[in-house]
Amino acid sequence: DDSTQVHYLYFRGRRVPAERAFGVVSSTDGINWSIPSSEPLFERSGSGWDDNKIAAPSVIFVPSLIGGVIPVRPYLMAYTADLTTGAGTDIGLATATSPEGPFERLGLDGTTPLVAPVLEHGTGANDLDNYKAHHPFLYRDPASGVLFMWYTGRTSSNVYSVLYATSVDGVTWQKFDTIAPGTPDP
């Protein structure tokens, strides 16, 4: 957090093998870190698209959206979730009012439920993410306010690529380069 000079480290942990959840620790010097809370910052859903396994949280602060809209829940977390059906991996979002959570499956407006992935793996034979879209990394361009998500695309033949998508609202994402480099996807 630039305003407080506190660093946050988000991680995945397990209370028992089947219960994967995210936690957070903080530090003011990058050497000495807080003790993690015994309560999870965010857990896999009990039912729904992300009830199998969650991983790879990436969190950013979004002070405003394009058009000057101030988010009610300005901390945006992207995460990977394996689909219960075993048919791939997608990326979901959760938000919070504090970098220490709790994070919930709500849009930046605080009311829109996020009940589905916001970035799904591709379905075309030539898509560079036709098996998995995972390991997201979020960034907000301070000049334009555009949100960027870099992520790992994996094909069904185990070819890995670094891909990206953009968003102006934090919920709807436009993929680029999953078929032909330098072009927006249809």
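Because the structure is a prediction, the values reported are computed rather than measured.
Put simply, Val146 and Phe176 are part of the same group of oily side chains (I, L, V, M, F, W, Y) that touch within less than 4.5 Å, one to the next. Note on Trp173 and Val171: same hydrophobic cluster, where clusters join Ile, Leu, Val, Met, Phe, Trp and Tyr whose side-chain heavy atoms are under 4.5 Å apart, directly or indirectly. Leu106 and Leu93 fall into different hydrophobic clusters, where Ile, Leu, Val, Met, Phe, Trp and Tyr residues are linked whenever their side-chain heavy atoms come under 4.5 Å apart, directly or through other members. Clustering ILVMFWY residues whenever any of their side-chain heavy atoms sit less than 4.5 angstrom apart, transitively, puts Ile60 in a cluster other than the one holding Phe11. Under a hydrophobic-cluster definition in which Ile, Leu, Val, Met, Phe, Trp and Tyr are linked whenever side-chain heavy atoms come within less than 4.5 Å, directly or via other members, Trp49 and Met77 are assigned to the same cluster.
No donor-acceptor pair closer than 3.5 Å links the side chain of Ser156 to the backbone N or O of Tyr131. When atom types are taken as modelled, the side chain of Ser167 and the backbone of Thr172 share a donor-acceptor pair closer than 3.5 angstrom. Thr166 places no side-chain N or O within donor-acceptor distance of the main-chain N or O of Phe148, the cut-off being under 3.5 Å. Although no hydrogens or angles enter the test, the distance criterion places a donor-acceptor pair under 3.5 Å between the side chain of Asp90 and the main chain of His121.
The heavy-atom pair separating Ile91 from Pro136 by the smallest distance is CD1-CB, 3.9 Å. Taking all atoms of both residues into account, the shortest heavy-atom contact from His7 to Gly30 is CD2-N, 4.1 Å. Residue Tyr10 comes nearest to Leu41 through the heavy atom pair CD2-CD2, 3.5 Å, listed as atom of the first residue, atom of the second, then distance. Taking every heavy atom of both residues into account, Asp82 and Lys132 meet most closely at OD1-NZ, 4.5 Å. Ala21 and Glu43 get closest at one heavy-atom pair: CB-CG, 3.9 Å. Summarising the geometry of Glu100 relative to Ser26, their closest heavy-atom pair is OE2-OG, 4.0 Å, with the distance given to 0.1 Å.
Between Phe61 and Tyr75, the distance from one ring center to the other falls under 6.0 angstrom. Ring pair Tyr151/Tyr164: centre-to-centre distance not below 6.0 Å.
Note that OG of Ser45 is 12.0 Å distant from CG of Leu114, once rounded to the nearest 0.5 Å. Taking CG of Leu128 as the reference point, atom OG1 of Thr152 lies at 12.0 Å (rounded to 0.5 Å). Put simply, CZ on Arg154 and CG on Leu163 are 13.5 Å apart, with the number rounded to the nearest 0.5 Å. With values rounded to the nearest 0.5 angstrom, Ser58 atom OG is found 12.0 Å from His135 atom NE2.
By the 4.5 Å heavy-atom criterion applied to side chains, Phe42 and Ile54 are counted as neighbours. Side-chain contact check for Leu76 versus Val59: every heavy-atom pair is 4.5 Å or farther apart. In this structure, Trp33 and Leu9 have side chains that are in contact, with non-hydrogen atoms separated by less than 4.5 Å. Side-chain contact between Trp150 and Leu138 is absent, with no heavy-atom pair separated by less than 4.5 Å. At a threshold of 4.5 Å between non-hydrogen side-chain atoms, the residues Lys53 and Arg44 do not count as touching.
For the side-chain hydrogen bond (donor to acceptor under 3.5 Å, both in side chains) test, residues two or more places apart in sequence or in another chain that qualify with Asn32 are Asp29.
Comment: Asp129 engages Lys175 in a salt bridge, judged by a side-chain N to carboxylate O separation of less than 4.0 angstrom.
With 3.5 Å as the limit, one finds a donor-acceptor pair spanning the side chains of Asp50 and Tyr79.
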Compile the donor-acceptor pairs under 3.5 Å between side chains in residues 62-73 and protein atoms, sequence neighbours left out, one pair per line.
| unit_1 | atom_1 | unit_2 | atom_2 | d |
| --- | --- | --- | --- | --- |
| Ser64 | OG | Arg140 | NH2 | 3.3 |
| Arg73 | NE | Thr95 | OG1 | 2.8 |
| Arg73 | NH2 | Thr95 | O | 2.6 |
| Arg73 | NH2 | Glu104 | OE2 | 3.3 |

